[in-house]
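Take a look at the structure set out below.
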Amino acid sequence: MLYIIVSSISFIVRAYLCYRTIENVPILSNPIANSILWEVVPVYTILMLICRKIVGLFYSKGEAPVFGAIAYFIVYLVILLIVYVLMLILTKSGALPI
């Protein structure tokens with residue numbers, strides 16, 4: 001039961017933060033092309049794959065589900081922060097047309 005609560009809260013927070021920080025950033029200057037880009041290569045899916053790989057290095061599925069959900073959430077937030085900072089740097093340097 002605790003796992004369901006922790007993983008649900010984690011999902012809601014992660015989805016909201018990903019949407020607010022990265023998926024609203026217009027990488028391409030054309031809004032239609034930008035929308036197609038995010039549909040073809042969704043950042044949320046890429047972050048999920050990276051985070052699962054990292055968490056899988058120190059957590060075996062089924063050991064302690066609540067710990068796994070918390071570890072995934074923390075790793076996800078760190079990776080999301082890194083990606084967001086990189087996007088800010090690319091924006092400041094003029095590489096992203098924002």
Identify whether [X] and [Y] are in the same connected component of the hydrophobic contact network (ILVMFWY, side-chain heavy atoms under 4.5 Å).
| X | Y | value |
| --- | --- | --- |
| V66 | F58 | no |
| I46 | Y16 | yes |
| L80 | I70 | no |
| I74 | L49 | no |

Measure the spacing between CG of L17 and CZ of F73 and express it to the nearest 0.5 Å. 7.0 Å
CD1 on I50 to NZ on K53, rounded to 0.5 Å: 12.0 Å
Give me the other members of the hydrophobic cluster that I89 sits in, counting Ile, Leu, Val, Met, Phe, Trp and Tyr linked by side-chain heavy atoms under 4.5 Å, directly or via other members. L81, V85
For the backbone of F67 and the side chain of Y72, can you confirm whether one donor and one acceptor N or O come within less than 3.5 Å of each other? no
Pairs under 3.5 angstrom only: tabulate donor-acceptor contacts from the side chains of residues 2-14 to other protein residues two or more places apart or in another chain.
{"residue": "S7", "atom": "OG", "partner": "Y3", "partner atom": "O", "Å": "2.9"}
{"residue": "S7", "atom": "OG", "partner": "I4", "partner atom": "O", "Å": "3.3"}
{"residue": "S8", "atom": "OG", "partner": "I4", "partner atom": "O", "Å": "2.7"}
{"residue": "S10", "atom": "OG", "partner": "R14", "partner atom": "NE", "Å": "2.9"}
{"residue": "R14", "atom": "NE", "partner": "S10", "partner atom": "O", "Å": "3.2"}
{"residue": "R14", "atom": "NH1", "partner": "Y44", "partner atom": "OH", "Å": "3.1"}

With sequence neighbours excluded, what pairs up with I82 under the side chain to side chain contact (heavy atoms under 4.5 Å, CB included) test? V78, L86
Show, in sequence, the C-alpha distance, side-chain angles and deciding distance for I79 and I54, and conclude whether the side chain to side chain contact (heavy atoms under 4.5 Å, CB included) test is met. CA-CA 10 Å; I79 300 294; I54 292 171; 3.9 Å; yes
